[in-house]
K.L.:
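What follows is a structure written as structure tokens; I'll ask about it next.
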2 protein chains.
Amino acid sequence: MVHAQELTKNQSLVLDVLSHTEGPLSAYSLLDQLRDKGFRAPLQVYRALDKLMEFGLVHRLESINSFVACTHSHDHKHGVIAFGICDTCGRVDEFCDAVVEERLKGWSKDHAFRLSKTTIEMRGTCANCLAA
Amino acid sequence: MVHAQELTKNQSLVLDVLSHTEGPLSAYSLLDQLRDKGFRAPLQVYRALDKLMEFGLVHRLESINSFVACTHSHDHKHGVIAFGICDTCGRVDEFCDAVVEERLKGWSKDHAFRLSKTTIEMRGTCANCLAA
DNA sequence: ATCATCAATGTAATAACATCACATCGACCT
DNA sequence: AGGTCGATGTGATGTTATTACATTGATGAT
């Protein structure tokens, strides 16, 4: 696994902002927050994000075109990740479910489909927002 | 359930193109294919797609910003749908898995999360493309 | 030392995806 | 006729992502 000190300057800056933010951010929000650190162009953000995702430190939320810092410990490799995304407050919960993973891998096997990436995103309203 | 004759002109045109196409199309591909039917602006496509998705006749593939006609029979309501998307040929397989659905609904219940929409997309390479 | 290489970076331009704002039309109802 | 409502037409704009090309900086080989 990659450690923080192995990240480049831009990667560290992007991860820093994501880690200190509750909820997901779009690439352009990240860019705005990093302008005073010298960021000028979207590509600087996208390149950093690509590497961070490769390292497993950041996840992309496909259904909202945004990015979050991974909340799992980085000591072990994890499998398929599912997200619960609150459409009201933006909160994101990340979890793994071995049964779900097994079922999806089962389908892949049955259909001779070589799986490279799985996206599971649940949109809705979180407990806090329901209570409010 | 909505029947074909209840669709508006634009909705029918969009569904027609999607139904006669193998694989997903982007909104702008649809627009291009519908220019000679009088389509001029993206909004005409997006509006039709919104309705068709509401009717359950079309699905949006979040991870590739594209749309496919639903391949299920329309006689019954189906639950959570998962997609297998071949990154090589674009082929899309649509399926339901009751166990997966149950697990995800279980998580939602446990976390008092009111689920409104679930996205499951598996990216990879299909059997045909692996054989080639 | 100097040269080759390769990853990371900087920058501008452009492509791809999606929505807003506002006007119009047509069906239906009263 | 007048009112309402969903669908439509149209231009402008907003948002997300990539292409293309130049530069920098570290590493290793000759």
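Naming: A, B, ... by sequence-line order, numbering from 1 per chain.
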K.L.:
So if I take residues 27-47 of chain B and measure heavy-atom distances to DNA chain D, which residues fall below 4.0 Å?
P.N.:
B/R40, B/A41, B/L43, B/Q44, B/R47
K.L.:
DNA chain D: B/K51 or B/N65, which has the more 5' nearest nucleotide?
P.N.:
B/K51
K.L.:
Side chains of B/V14 and B/F39: closer than 4.5 Å at any heavy-atom pair?
P.N.:
yes
K.L.:
For B/L7 and D/dT8, what is the distance between atoms CG and C1' respectively, to the nearest whole Å?
P.N.:
16 Å
K.L.:
Could you go through the salt bridge (charged side-chain N to carboxylate O under 4.0 Å, His left out) check for A/E102 and A/K105 one step at a time?
P.N.:
CA-CA 5 Å; A/E102 177 198 320; A/K105 284 187 174 166; over 6 Å; no
K.L.:
Classify the ring geometry of B/H111 against A/F95: parallel below 30°, tilted from 30° to 60°, perpendicular beyond 60°.
P.N.:
parallel
K.L.:
Check whether any side-chain N or O of A/T8 sits under 4.0 Å from OP1 or OP2 of C/dT9, and answer yes or no.
P.N.:
yes
K.L.:
With a 4.0 Å limit, can you tell me whether B/S26 has a side-chain N or O closer than that to the phosphate oxygens OP1/OP2 of C/dA16?
P.N.:
no
K.L.:
Are any non-hydrogen side-chain atoms of A/C89 and A/N128 less than 4.5 angstrom apart?
P.N.:
no
K.L.:
Do A/L52 and A/F67 touch side chain to side chain, with heavy atoms closer than 4.5 Å?
P.N.:
no
K.L.:
Between B/I64 (CD1) and C/dA16 (C1'), how many Å, whole number?
P.N.:
14 Å
K.L.:
Could you state the atom-to-atom distance from CG of B/L49 to P of D/dT8 in whole Å?
P.N.:
12 Å
K.L.:
Does B/N10 place a side-chain N or O at less than 4.0 Å from the phosphate oxygens OP1/OP2 of D/dG9?
P.N.:
yes
K.L.:
What is the separation between atom CG on A/L13 and atom P on C/dA8, rounded to the nearest whole Å?
P.N.:
15 Å
K.L.:
Can you check the A/D50 CG to D/dT16 P distance for me, whole Å?
P.N.:
16 Å
K.L.:
Rounded to the Å, how far apart are B/F55 CZ and D/dA7 C1'?
P.N.:
11 Å
K.L.:
Under a 3.5 Å distance rule, please check whether A/R123 uses its side chain to pair with a backbone N or O of A/S63 as donor and acceptor.
P.N.:
yes
